[in-house]
Each structure stands twice: as C-alpha cells, then as structure tokens.
Amino acid sequence: MQYQWYPGHMTKAKRQMQEDIKLVDLVIELVDARIPLSSHNPDIDVLGQNKSRLVLLNKADLADEAKNEAWCEYYKKQGIYAVRLDARNRAGMKQVQDVIQEACKEKLEKNRRRGILNRPVRAMVAGIPNVGKSTFINSFAGKACAKTGNKPGVTKGKQWIRLNKNVELLDTPGILWPKFEDQRIGLHLAYIGSIKDELLDRDEVAVSLIGELTQTYPGLLAKRYNLTEEAEPVKVLEKLAESRGCLKKGGELDCGKAAVLLSDDFRSGKLGRITIELPPV
Ligand code: GDP
C-alpha cells in the first residue's frame with residue numbers, strides 16, 4: 001500500500017493521537033524492522049512521556065535476523081521493551097502478551113497498592129502508515145476478544161478490545177507521520193515502498209539503494225543478479241538492465257525498468273533478509 005501526505009490528514013491524526021494517548025498507560029509503537037530509524041517519528045517520544053513503551057520491530061521476517069537482535073538490545077538499553085515480529089503470524093502474539101504484562105507490571109502493582117483491583121491497563125498501537133498496525137491489531141486481538149466501549153466512564157465512541165483481565169487495547173491505531181529531517185529518511189521510506197513511487201525519481205532511489213547494499217552487504221547484488229562486481233552504483237544499475245534485457249524500443253538500456261525490478265525484489269524479500277539501518281552507537 002502506498003500513500004501520500006496531506007497537511008489536513010496530518011493535523012487531524014496528530015490531534016487524535018494527542019487525545020487518545022491521554023487514555024492509555026502503554027504505547028505500542030510499530031516500526032519497520034528494515035528501517036527502524038526512518039519509520040519512527042520522534043514526536044512519539046514526547047507524546048509518550050510518562051507512558052510505558054513497547055516497540056514492535058515489525059516485518060522482522062524481511063529484516064536481517066542478527067540486526068533484529070542488535071535493535072532489540074539497543075531498545076533494551078534505552079529502557080524500552082522491544083519484540084521482533086511478523087504481524088501476519090499469530091504465533092508471535094503470545095510473546096507480545098507476555099511483554100505487555102511485564103511492561104505494565106509497575107502500573108498494575110501501583111493500582112493494587114491503592115486498592116484498585118479491577119482496572120485493566122490500557123494500551124494503544126501507534127506508528128507511521130504501512131508499518132502493519134491494522135495487521136497487528138487483527139492478529140493480536142483475534143476474533144475471540146470482546147470489544148468494550150460506550151460504558152459509563154469510557155469516552156463515547158472509543159472501542160476497547162479486552163485482551164485479558166489485565167489489558168485493554170484501543171481498537172483504532174494512532175497514526176504518526178514520517179519526519180523528513182533529511183533526504184535519507186525519504187529515500188529509506190521509498191526503498192520499502194512507503195512513499196508513492198511517482199513522487200520520487202525511481203532511478204535515483206535504486207542507485208541509492210544499490211550504494212547502501214554494496215556497502216552493507218558486499219557481493220549480494222553481484223551474486224543475486226549474476227553481475228561482475230562493480231563499485232559504481234549507476235554502473236550496477238546499467239549492468240542489471242543489460243543482464244535482465246531491460247531495453248527501450250530503440251534498443252537502448254532501460255534503467256527505469258531495472259530500477260523497478262530491483263525495488264520489487266527488495267520489497268518482496270527476494271534479495272534476502274536485509275536491514276538498512278543499524279542502531280546508533
Ligand atoms: P498500517 O497502515 O500500519 O495499518 O499497515 P497494514 O496493517 O495495512 O499493513 C501494510 C502491509 O504490510 C500489508 O500488505 C500487510 O500484509 C503487510 N504486513 C504487515 N505486517 C507484516 C509483517 O510483519 N511482515 C510482512 N512481510 N508483511 C507485513
């Protein structure tokens with residue numbers, strides 16, 4: 001799925017999120033495990049102050065397993081709970097349940113000390129578009145979970161999904177918008193298909209992706225596409241067009257076509273499990 005940004009949507013989504021976050025104890029943020037930095041909006045660090053935090057490194061099935069591990073360690077050091085996940089797969093949900101309980105332990109304990117025994121902790125899911133928020137809510141909540149809402153004391157219209165006697169989840173996710181603080185963020189979002197392809201020069205995106213892949217996964221492209229090792233990314237794209245027979249009508253090389261081929265292969269995992277961004281050191 002691809003999307004475009006409209007200022008009206010952004011303002012409305014942010015306002016909604018500011019309201020919703022007041023209602024919860026725990027914020028579950030989804031990021032794309034291939035680009036955890038670019039798919040994170042730093043606004044959530046401010047909005048989520050004083051809340052427990054859980055980061056789900058989603059689409060971990062498409063990311064490099066060793067790097068998933070490194071990211072989990074990184075979050076742990078920041079005092080943020082983290083779980084790597086394939087949101088389409090219900091098998092991973094048990095672990096998420098356990099970590100939610102762990103993340104909310106203090107809150108539950110505090111309630112207990114105050115004699116509040118029947119109040120579940122409340123959580124919300126947040127993240128930029130396309131990271132898998134809806135997929136996660138569906139897999140996590142499943143059909144068996146009762147929806148609650150419109151009961152006294154609950155803001156009218158809010159739907160809460162009761163996960164167990166201790167935890168409720170807001171059924172609508174908070175939408176954050178990517179922050180384009182530098183051009184790299186835009187490029188990285190383009191690699192994973194989170195920016196309308198028409199908005200950027202696909203050749204440029206492909207050349208940039210080739211540059212990063214050659215640095216972090218040397219030899220990968222040469223092996224996958226049977227190319228001779230080539231240092232210059234533009235040349236790699238040309239070689240790819242050549243070897244795949246991407247030609248324009250006049251017989252001239254069609255690098256645009258090769259760019260589409262490369263990005264499709266990257267997005268679908270055909271290039272292997274790849275993580276573009278490493279945790280800051
Ligand atoms: P949302 O905009 O954040 O709600 O994202 P969606 O839930 O609509 O998911 C966007 C796309 O990513 C869909 O095509 C999902 O099937 C896919 N998707 C979601 N989670 C995963 C995952 O963990 N792994 C993979 N490979 N695809 C996923």
Side-chain angles (χ1 to χ4, degrees), residues 1-6 8-10 12-14 16-17 20-21 24 26-44 47-48 53-69 71-72 75 81-97 99-100 123-143 145 159 161 169-179 185 188-197 199 209 263-277:
M1 196 191 68
Q2 289 159 343
Y3 59 90
Q4 217 171 346
W5 289 273
Y6 299 104
H9 284 175
M10 282 190 245
K12 192 161 171 261
K14 190 162 179 185
Q16 187 65 51
M17 175 115 189
D20 286 347
I21 211 158
V24 303
L26 171 74
V27 179
I28 304 171
E29 183 196 5
L30 270 82
V31 295
D32 189 301
R34 294 165 294 177
I35 53 163
L37 294 172
S38 296
S39 58
H40 163 79
N41 179 328
D43 283 350
I44 202 164
L47 286 166
R53 298 271 301 274
L54 165 59
V55 169
L56 299 179
L57 280 165
N58 196 38
K59 307 200 184 183
D61 54 297
L62 296 171
D64 186 323
E65 193 50 17
K67 289 172 185 161
N68 287 338
E69 186 66 42
W71 273 105
C72 285
Y75 289 116
Y81 291 91
V83 174
R84 50 182 178 274
L85 195 71
D86 172 353
R88 299 164 310 167
N89 187 347
R90 292 198 65 183
M93 300 303 151
K94 170 79 175 76
Q95 196 196 352
V96 180
Q97 271 276 14
V99 178
I100 290 179
M124 78 180 286
V125 170
I128 67 166
N130 209 33
V131 282
K133 297 179 295 300
S134 313
T135 308
F136 168 69
I137 293 176
N138 285 336
S139 296
F140 192 54
K143 285 201 180 79
C145 292
Q159 288 280 322
I161 305 164
L169 185 71
L170 188 63
D171 82 335
T172 42
I175 300 171
L176 294 156
W177 300 89
K179 269 231 159 99
I185 296 180
H188 288 186
L189 289 163
Y191 298 167
I192 65 164
S194 276
I195 288 181
K196 240 183 184 318
D197 284 319
L199 293 180
L209 175 61
S263 75
D264 286 350
D265 282 357
F266 173 73
R267 291 171 191 175
S268 64
K270 283 200 189 116
L271 291 183
R273 297 175 63 174
I274 290 168
T275 299
I276 298 287
E277 294 173 347

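First listed ligand is number 1; within each ligand, the first listed atom is number 1.
Using a 4.0 Å cut-off to heavy atoms of L62, the atoms of ligand 1 that qualify are 26 (N). Within ligand 1, the atoms closer than 4.0 Å to a non-hydrogen atom of S134 are 4 (O), 7 (O), numbered from 1 in the order shown. Taking every heavy atom of T135 and a limit of under 4.0 angstrom, the matching atoms of ligand 1 come to 6 (P), 7 (O), 9 (O), 15 (C), 19 (C). For ligand 1 and K133, the ligand atoms under 4.0 Å from any heavy atom of the residue are 1 (P), 2 (O), 3 (O), 4 (O), 5 (O), 7 (O). If you number the atoms of ligand 1 from 1 as listed, the ones under 4.0 Å from a heavy atom of N130 come out as 1 (P), 2 (O), 3 (O), 5 (O), 10 (C), 11 (C).
Where the criterion is an N or O separation shorter than 3.5 Å, residue side chain and backbone included, F136 fails it with respect to ligand 1. Where the criterion is an N or O separation shorter than 3.5 Å, residue side chain and backbone included, A60 fails it with respect to ligand 1.
A salt bridge links K14 with D43: at least one charged nitrogen is closer than 4.0 Å to a carboxylate oxygen. Here R273 pairs with E65 in a salt bridge; the nearest charged N to carboxylate O distance falls below 4.0 Å.
Residue D61 touches ligand 1 through its side chain alone, judged by heavy-atom distances below 4.0 Å.
With hydrogens and angles disregarded, a donor-acceptor distance shorter than 3.5 Å links the side chain of R267 to the backbone of Y191.
Residue nearest to atom 27 (N) of ligand 1, selected from R88, R84, R34: R88 (by heavy-atom distance).
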| Stepwise, does the salt bridge (charged side-chain N to carboxylate O under 4.0 Å, His left out) test hold for R88 with D61? | CA-CA 10 Å; R88 299 164 310 167; D61 54 297; 3.0 Å; yes
